[in-house]
There are 2 protein chains.
Amino acid sequence: MTAGVTDEDRADLHVEIGHRLAESGQRYSAVRRQLVDALAGVDRPQSVADLVAAVPELAVSSAYRNLGVLADAGAVTRVATDDDAARFELAEAVTERHHHHMVCTQCGLVLDYDPPAALEAQLAEGLDRVARASGFVPESHRLDLFGHCAGCVD
Amino acid sequence: MTAGVTDEDRADLHVEIGHRLAESGQRYSAVRRQLVDALAGVDRPQSVADLVAAVPELAVSSAYRNLGVLADAGAVTRVATDDDAARFELAEAVTERHHHHMVCTQCGLVLDYDPPAALEAQLAEGLDRVARASGFVPESHRLDLFGHCAGCVD
DNA sequence: ATTTATGCAAATCGTTTGCAAACCT
DNA sequence: AGGTTTGCAAACGATTTGCATAAAT
């Protein structure tokens, strides 16, 4: 049910997110905690359908509303895929694990992957230059890979 | 009305896309040509709303249907942004211009940018390794920058 | 007791589809 | 004529919102 996450890590996570919510003047309700657990227990971005399936009794509207609150508090990130349904994951600010995504263009599977450190370093530098050249103030980046996952290669 | 594109380039573009459509057994109708012109005339991915506004008399359903046909023919690419509405652009296969996007997290603006060649080279190599390590067969990648555009910096 | 969160149902909004008329060859 | 494309209207599916109830402080 966890992805290399210890109970201690999980506890820290809840504390950290509790702080962030408090700072945005929001409570850390039971449902929000369940959502965070559901997101912490997997290694790929979850669709609302995934989450509703994972959290018993959760109403779709509550899922959206709470994910919105968590996103505003900087605890969760909305991930855009080619898919029609939005996906959510814990924000890097709280997981402290920078990562990107591999997307299977056949079945829609989205997997996390850790970029080689060297690549990331050059990326940061290169992107910074590109951004400033057009008066853009960079905040973050996304380096997604598209292709066929192991299961979808004939 | 154009973005550094000569009439000659535009003509070549139509020929190229005409071929691709023919190969998929599709015609290059007036509406399709208008869509391609609309996409060729700007330097950022267009939403269907943008396109319907740009092409007089174009029905929304026709826009979606034709963008689908053009995408199947490899002439157009569906771009996933954080936004709720899908965006479309000419495929790199026909523009022969590899590029990525800068997205303003404030106003939703999406701009094209050309990555430094050196960066791209290392990217290709690094990603290839990551992908194969998990049995993933890479096809393409996306390197988007998020931040605030010149107009949205206080 | 007062404020905030939740579930349900209705309302939206982007996108897709069915169908008859217009278009191309 | 024969098959394709188009616009319009209805259908869909994901996401949002209104409102009365339940939960938290």
Side-chain angles (χ1 to χ4, degrees), chain A residues 14 17-39 45-73 75-89 108 110, chain B residues 14 17-39 45-73 75-89 108 110:
Chain A
H14 284 304
I17 292 180
H19 280 156
R20 291 188 177 255
L21 283 171
E23 276 167 21
S24 350
Q26 298 283 351
R27 297 176 184 167
Y28 199 5
S29 70
V31 169
R32 288 174 192 168
R33 231 174 280 260
Q34 288 177 290
L35 279 171
V36 169
D37 277 327
L39 291 172
Q46 302 290 96
S47 68
V48 169
D50 292 336
L51 294 169
V52 168
V55 180
E57 313 270 307
L58 176 60
V60 185
S61 59
S62 295
Y64 281 108
R65 260 192 293 237
N66 286 309
L67 288 167
V69 169
L70 288 164
D72 288 346
V76 155
T77 308
R78 223 183 214 89
V79 176
T81 68
D82 284 337
D83 218 355
D84 30 358
R87 285 166 188 277
F88 299 82
E89 64 185 8
V110 181
Chain B
H14 283 304
I17 291 181
H19 280 156
R20 291 186 177 255
L21 283 171
E23 276 168 21
S24 348
Q26 297 283 351
R27 297 177 185 166
Y28 199 5
S29 70
V31 169
R32 289 175 191 168
R33 230 174 278 260
Q34 287 177 290
L35 279 171
V36 169
D37 276 327
L39 291 173
Q46 301 291 95
S47 67
V48 169
D50 291 337
L51 294 169
V52 167
V55 180
E57 313 270 309
L58 175 60
V60 184
S61 58
S62 295
Y64 281 107
R65 263 192 291 237
N66 286 310
L67 288 167
V69 169
L70 287 165
D72 287 345
V76 155
T77 308
R78 222 181 216 91
V79 176
T81 67
D82 285 338
D83 218 354
D84 30 357
R87 284 165 189 278
F88 299 82
E89 62 185 10
V110 181

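As the structure is a computational prediction, the values presented were derived from the model and not from experiment. A note on names: the letters A, B, ... follow the listed sequences, proteins ahead of strands, and every chain is numbered from 1.
When each of A:H14, A:H19, A:R33 is tested with A:Y28 by the rule side chain to side chain donor-acceptor pair (under 3.5 Å), just one qualifies, namely A:H14.
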Identify the pairs formed between an N or O of the protein and an N or O of nucleotides 19-25 of chain D at a distance under 3.5 Å, and give each distance.
none

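For the atom pair B:F88 CZ and B:L51 CG, the distance stands at 8.0 Å (nearest 0.5 Å).
Closest to the side chain of B:S62, out of C:dT16, D:dG7, C:dG14, is D:dG7.
Rounding to whole angstrom units, CG of residue B:L58 and C1' of C:dA22 are separated by 16 Å. Atom CG in B:L21 sits roughly 13 Å away from atom C1' in D:dT5 (whole-Å rounding). Rounded to whole Å, atom C1' of D:dT5 lies 14 Å from atom CG of B:L67. Here the P atom of nucleotide C:dC24 and the CZ atom of B:R33 are 11 Å apart, to the nearest Å. With rounding to whole Å, B:R87 atom CZ is found 12 Å from C:dG14 atom P. B:D83 has its CG atom 18 Å from the P atom of D:dA14, to the nearest Å. Rounded to a whole Å, the CD atom of B:E57 is 15 Å from the C1' atom of C:dC23. One interatomic measurement links the two molecules: CG of A:L51 to C1' of D:dA14, which rounds to 14 Å at whole-angstrom precision.
Using a 4.5 Å heavy-atom cutoff, the side chains of A:V110 and A:P45 are in contact.
Residues passing the side-chain contact (heavy atoms from CB on, under 4.5 Å) test with B:V69 are B:L21, B:Q26, B:R32, sequence neighbours excluded.
Nearest heavy atom pair, residue B:A63 against residue B:L35, reads O-CD1, 4.3 Å. Shortest non-hydrogen contact noted between B:V60 and B:V52 is CA-CG2, 4.2 Å. A:R87 and A:G108 make their closest contact through NH2-O, 3.8 Å (heavy atoms, listed as atom of the first residue, atom of the second, distance).
Side-chain N/O atoms of B:S61 include none lying less than 4.0 angstrom from OP1 or OP2 on C:dT16. OP1 or OP2 of D:dT5 has not a single side-chain nitrogen or oxygen of B:N66 nearer than 4.0 Å.
Across all strands, A:V31 comes closer than 4.0 Å only to sugar-phosphate atoms, never to a base (heavy-atom distances). Residue B:A49 is out of contact with every strand shown, counting any heavy-atom pair closer than 4.0 Å.
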